[in-house]
2 protein chains.
Amino acid sequence: MPAPNRDQLHQRLTDAGLRATQQRIAILEALLVLPGHPTAEQVFRSVRPANPTVSLGTVYKALDSFVAAGLLKRVADADGTRRRYDTDCSNHHHLFCQETQEIIDYCDPKLDQLLQEFFASRGFDNFQPHSFSLHISGNKLDTRKDVKPR
Amino acid sequence: MPAPNRDQLHQRLTDAGLRATQQRIAILEALLVLPGHPTAEQVFRSVRPANPTVSLGTVYKALDSFVAAGLLKRVADADGTRRRYDTDCSNHHHLFCQETQEIIDYCDPKLDQLLQEFFASRGFDNFQPHSFSLHISGNKLDTRKDVKPR
DNA sequence: TTCAGTGCAAACCGTTTGCACTAGA
DNA sequence: TCTAGTGCAAACGGTTTGCACTGAA
């Protein structure tokens with residue numbers, strides 16, 4: 001993902017109906033640049049050097065309003081102790097690397113189609129499903145390199 | 001699930017290599033009886049009336065040792081703020097009811113087979129998967145009744 | 001100019017820990 | 001008897017909140 005420049009980030013915020021402050025621009029940029037679905041703390045540490053006055057509370061408040069505005073999705077990490085943030089709001093699946101704790105996006109229209117067909121014929125009594133997300137646990141083979149579907 | 005009697009619960013604990021205390025028997029019973037994958041707090045509240053001296057700390061410690069002994073699995077709830085416990089340790093999938101916050105077990109060998117076949121032909125570069133879990137979000141139609149696959 | 005957003009510190013809440021005491025084997 | 005487990009209270013870590021101040025529109 002090529003990191004958008006300040007103007008584009010500004011635009012993205014105002015388009016979402018949010019006031020484009022310096023802090024929010026920096027926070028949004030960090031979210032787009034950091035790999036593996038960062039935590040609030042990781043965003044904070046990434047933003048801090050260039051913006052020494054930004055506080056952790058502000059990061060949390062910004063993340064909340066981004067989620068409310070539909071710019072971001074909250075994701076639970078594998079052990080359910082902290083929250084992660086996903087800048088891809090479309091429906092997709094996740095790979096969980098147990099070694100690096102990264103959460104890697106996995107989009108696969110073929111898989112979506114397969115699931116859709118499967119659940120078209122096989123429903124539930126008393127439950128109306130509206131979204132499916134496959135969690136795939138495993139490990140990266142080379143932790144420094146990226147993961148790609150083959 | 002028919003709630004096992006005290007002797008069976010006792011057995012289950014010793015089989016798992018755990019000392020069968022009054023507290024642990026009560027906690028294990030609560031886990032088996034409570035629907036929708038309870039939190040530590042829910043277990044505590046369920047156990048308290050009949051065992052007024054059991055403390056929340058003991059519940060957490062018991063849950064930890066149950067997990068370590070393979071009697072239980074930890075599950076993250078939808079918003080990732082608290083931990084839930086699953087007495088079914090086999091590989092299976094989950095339905096998340098957004099209204100009641102229940103997590104409902106969903107076993108489906110046909111689905112497992114489908115996923116296995118799909119990922120046999122479609123792998124990842126630099127990622128070795130070892131387990132798959134489908135998260136299905138939706139809502140119960142009648143919140144008082146059970147959900148069943150059809 | 002105005003009010004949404006910020007920064008700070010304190011509160012919160014689920015979970016963990018330390019330690020003296022208790023009870024299962 | 002001996003040591004794993006318990007109960008209590010204090011600590012912890014991630015997140016939220018209250019409030020006076022600031023800066024985007």
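Chain letters run A, B, ... following the sequence lines, proteins first, then strands; residues in each count from 1.
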Asks: Are there over 12 heavy-atom neighbours, none belonging to B:D125, within less than 6.0 Å of that residue's CG?
Replies: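 Yes, CG of B:D125 has more than 12 neighbouring heavy atoms, counting only those of other groups under 6.0 Å.
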Asks: Using whole Å, report how far CD1 of B:I25 lies from P of C:dA23.
Replies: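 Rounded to whole Å, this separation is 14 Å.
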Asks: Give the rounded distance in Å between these two atoms: CZ of B:R45 and C1' of C:dC13.
Replies: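 Result: 13 Å.
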Asks: Once you round it to whole Å, what is the distance between P of C:dG14 and CG of B:L63?
Replies: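 Taking atom P of C:dG14 as the reference, CG of B:L63 is at 15 Å.
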Asks: For nucleotides 1-4 of chain C, list the nitrogen or oxygen atoms of the protein found under 3.5 Å from its nitrogen or oxygen atoms, one pair per line.
Replies:
{"residue": "C:dA4", "atom": "O4'", "partner": "A:R19", "partner atom": "NH2", "Å": "3.0"}

Asks: Which residues satisfy the salt bridge (charged side-chain N to carboxylate O under 4.0 Å, His left out) test with B:R74, sequence neighbours excluded?
Replies: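 B:R74 satisfies salt bridge (charged side-chain N to carboxylate O under 4.0 Å, His left out) with B:D64 once adjacent residues are dropped.
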Asks: Can you sort out the partners of A:Y60 under side chain to side chain donor-acceptor pair (under 3.5 Å), two or more places apart, ordered by chain and number?
Replies: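 Scan of A:Y60 (side chain to side chain donor-acceptor pair (under 3.5 Å), adjacent residues dropped) gives none.
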Asks: Quick one: on DNA chain C, does B:T81 or B:L18 contact a more 5' nucleotide (nearest heavy atom)?
Replies: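 Result of the comparison: B:T81.
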Asks: Can you check the A:L13 CG to C:dG5 P distance for me, whole Å?
Replies: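 It works out to 10 Å between those atoms.
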Asks: Identify, with sequence neighbours excluded, every residue that meets side chain to side chain donor-acceptor pair (under 3.5 Å) alongside B:K140.
Replies: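 Checked B:K140 against side chain to side chain donor-acceptor pair (under 3.5 Å); matches are B:E102.
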Asks: Quick one: salt bridge (charged side-chain N to carboxylate O under 4.0 Å, His left out) partners of A:R19, sequence neighbours excluded?
Replies: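 A:R19: no salt bridge (charged side-chain N to carboxylate O under 4.0 Å, His left out) contacts found.
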Asks: For A:N91, enumerate each residue passing the side chain to side chain donor-acceptor pair (under 3.5 Å) test, keeping only those at least two apart in sequence or located in another chain.
Replies: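 Side chain to side chain donor-acceptor pair (under 3.5 Å) list for A:N91, sorted by chain: empty.
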Asks: Which is true for B:A20 with a 4.0 Å heavy-atom rule: it touches a base, it touches only sugar-phosphate, or it touches nothing?
Replies: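 Touches sugar-phosphate only.
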Asks: Output the rounded distance in Å from CZ (A:R48) to C1' (C:dT6).
Replies: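 Atom-to-atom, A:R48 to C:dT6, this comes out as 13 Å.
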Asks: Rounded to the nearest angstrom, tell me the gap between atom CD in B:E41 and atom P in C:dC12.
Replies: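 In whole Å, C:dC12 P lies 16 Å from B:E41 CD.
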Asks: Going by side-chain heavy atoms closer than 4.5 Å, which hydrophobic residues are tied to A:L141, directly or by a chain of links?
Replies: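 Traced through the cluster, A:L141 reaches no other member.
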Asks: So if I apply the ring-ring contact (aromatic ring centres under 6.0 Å, His included) rule between A:H135 and each of B:H130, B:H94, B:H135, which one comes out positive?
Replies: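 Passing option: B:H135.
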Asks: What is the distance, to the nearest angstrom, from the CG atom on B:D64 to the C1' atom on C:dT15?
Replies: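 From B:D64 CG to C:dT15 C1': 9 Å.
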Asks: When the distance from CD of B:Q42 to C1' of C:dC13 is rounded to whole Å, what number comes out?
Replies: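 After rounding, the gap between these two atoms is 15 Å.
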Asks: Using the six-membered ring wherever Trp is involved, compare the ring planes of A:H93 and A:Y106 and label them parallel, tilted or perpendicular (cut-offs 30° and 60°).
Replies: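 The arrangement is tilted - the two ring planes meet at 30° to 60°.
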Asks: Linking directly or through intermediates, with side-chain heavy atoms under 4.5 Å: list the remaining ILVMFWY members grouped with B:I103, chain and number order.
Replies: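 Result for B:I103 is B:V75, B:F96.
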Asks: Nearest heavy atom decides the nucleotide; on that basis, is A:Y60 or B:Q22 closer to the 5' end of DNA chain D?
Replies: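 That would be B:Q22.
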Asks: Can you pull the salt bridge (charged side-chain N to carboxylate O under 4.0 Å, His left out) pairs that have at least one residue in residues 81-91 of chain B, sequence neighbours excluded?
Replies: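 Sorted result for residues 81-91 of chain B: A:D79-B:R83.
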Asks: If you assign each of B:K61 and B:R82 to its closest nucleotide in DNA chain C, which residue comes earlier from the 5' end?
Replies: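 The residue closer to the strand's 5' end, by nearest nucleotide, is B:R82.
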Asks: Run the side chain to side chain donor-acceptor pair (under 3.5 Å) test against A:E117 and tell me which residues pass, sequence neighbours left out.
Replies: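 Listed in chain order: A:Q113.
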Asks: Tell me which residues in residues 50-59 of chain A lie within less than 4.0 Å of DNA chain C, going by non-hydrogen atoms.
Replies: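 Of all residues in residues 50-59 of chain A, the ones placing a heavy atom under 4.0 Å from DNA chain C are A:T53, A:V54, A:S55, A:T58.
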Asks: Going 5' to 3' along DNA chain D, which are the first and last nucleotides with any atom under 4.0 Å from a heavy atom of chain A?
Replies: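 With heavy atoms of chain A under 4.0 Å away, the range is D:dG14 to D:dA25.
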